Amino acid sequence: MTVDGPQSPEQSSVGAKSKGSGPPRVRIAPSPTGDPHVGTAYIGLFNYVFARKHGGQFILRIEDTDQVRSSASSEQAILSALRWLGLDWDEGPDVGGPCGPYRQSERLELYKREVEVLIDKGAAYRCFCTKERLDALREQQRAAKTGRFGYDRHCRELDPAEARARAEAGEPHVVRMKMPTTGETIVPDGLRGNIHRDNAESDDQVILKSDGFPTYHLANVVDDHHMGITHVIRGEEWISSTPKHIVLYDMFGWEAPQFYHLGLLRNQDKSKLSKRKNPVSLDYYRDLGYLPETLLNFLGTLGFSIASDQERFGLDEMIEHFDWSRVSAGGPVFDQQKLEAFNADDIRALSIDELYARVKDRVLDEARVKALLAQAQPRINLLDEFIPYVSFFFGGSVDYTPVLAKFRIKKRTRAEVTGILKVYLDEIERDERARAFTAEGLEAFSREFCQRHEWKAREVFALLRLATTGRTAAPSLFDTMALCGKDRTRRRIREAIVTLDRGESW
RNA sequence: GCCCGAGUGGUCCAUUGGUAGGAUGUUGCAUUUUCAAUGCAAUGGAGCGGGUUCGAUUCCCGCCUCGGGUACCA
């Protein structure tokens, strides 16, 4: 059997294995659509620990079925962040394995084949409804306040032969599953007991998009089956679509895995953890010098406990004591202060030699020091001035008190200043050039940004320099931002906004 | 709107049919030239209303609050 052949995953001995026997196989399935997220690490940790506890396998699968938003650089970043944490996977896109490929965009033939099976069984059908019709439908449902939303099954009773002919003639269409309209589906959740849901509540979900890519719902069921996944440990956000997944397993005649839905990480205000209100990128925690084992321990305490009086534990201890009865289902607040206290504790526990090794490795690695030296060289006169000169490239917050007045720009109100910074923060996330955070990309984006918003480059650039460095004089702005790094820069701009919003005088 | 989930100090987690414990946070004291660290102490809690019970935070019902879903995103 080839490692990466999509041809015959169903022949795989692993794929055919029943979930009742043998060690568990679990997976995390991140979507490469942005920065590596702490939520991925959180779910990954529980999957990893569960697998190790029972001598099973932990698999990494890339869910890149969203062609528009997925990117190779994001996938790369996710892999490297998870590796930093030490959650090693037994099978994955980079290490291979018997059930590959582990990237969904490379398994398209498999989904197509399985969808045909469903259509032939009469369990799925082609739908030719246009986006316009669907939008109008949704609008109408909203206005009617019936409480019932979702697709109206307009194409469900089309003659299959006719539908096939239309499709072969090139008419654009999707494929939908034929959800039962009566009865109920029970989701047995290992953490929450049986969750009941009337089938009538679920509509005919799209399983194959018009671009030939599967939706998550189809891909995750097909892959979990063919990869022999026995336990699906994922976030609470999936509970409501799980009945559809169970129906799909049923339609295929496959055994469904055991489900466990963990609570979602939250902001201080209990809303779902978001980058608007919290640093959520694993890169942030890595770059600011959180210890990976500390972050893992902290994530572990969010939902799991060893015993009443011990919350500091290593991965090995978590594995040793892991049991679902010790996992809680509530959505925990991700408390930065407590994480930092843990980290402080762990730093103090290190020997000086160990600490030196960590700092050298993480903070003063050769490439970074050389890049900083390149910036410092034209601007320092004594070697010893190097450290003070580059100090603002390190650490989290900078002190804005000495430069507060410099944020005042002629003919601009304070609201305009904080406003433009907020918009900037928003747009660097969405802009292709800015997202990678290279000096060139940032500059191209920023110049265009100024034009579009009718601000002088001089004004915006001054604000950005102040916000990211807390100084009026620094190396070239975009080199500086790039070297500070995306997460540190983003955090400082956010903090500058808060500082300005709080300021009494303007 | 409708469906689903969750509610123990501010936050994370433990515990129990007999009024709750640790961590973090906050405050104070000691120590330190100062700060940090450390030590000691204090602060602070079962969402609300019914029911069952001698007794409920724990079991049951209703409500409330928060969260998730309701996509050709995952």
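Predicted model, so just to flag it, every value in this text is computed and none were measured. Every heavy atom of this structure was used, including side-chain atoms; hydrogens, water molecules and symmetry mates were not.
Between the side chains of A:Asp353 and A:Ser351, no donor-acceptor pair of N or O atoms lies under 3.5 Å.
A salt bridge links A:Lys275 with A:Glu429; the closest basic N to acidic carboxylate O contact falls under 4.0 Å. A salt bridge is absent between A:Arg358 and A:Asp361; no separation between the charged side-chain nitrogens and carboxylate oxygens falls under 4.0 Å.
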Protein heavy-atom contacts under 4.0 Å, written 5' to 3' over nucleotides 69-74 of chain B as B (base), S (sugar-phosphate only) or - (none), form the string SSSBBB
Here RNA chain B, pairs taken as Watson-Crick or G-U under 3.5 Å and shown with ( ), [ ] when crossing and | when to another strand, reads (((((((..((((....[..))))((((((.......))))))...(((((..]....))))))))))))....
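For A:Ser305, whose side chain is taken as the heavy atoms from C-beta onward, the closest listed nucleotide among B:C13, B:G67, B:G25 is B:C13. Comparing B:G25, B:C2, B:C12 against the side chain of A:Gln337 picks out B:G25 as the nearest.
Between B:U15 and B:A20, the distance separating the two C1' atoms is 7 Å to the nearest Å.
Between A:Asn194 and A:Leu264, the one whose closest nucleotide on RNA chain B sits nearer the 5' end is A:Asn194.
In this structure, A:Tyr249 has no ring-ring contact (aromatic ring centres under 6.0 Å, His included) partners at least two apart in sequence or on a different chain.
For A:Ser328 and B:C13, the shortest distance from a side-chain N or O to OP1 or OP2 is below 4.0 Å.
Nucleic acid contact class of A:His261 (heavy atoms, under 4.0 Å, all strands): none.
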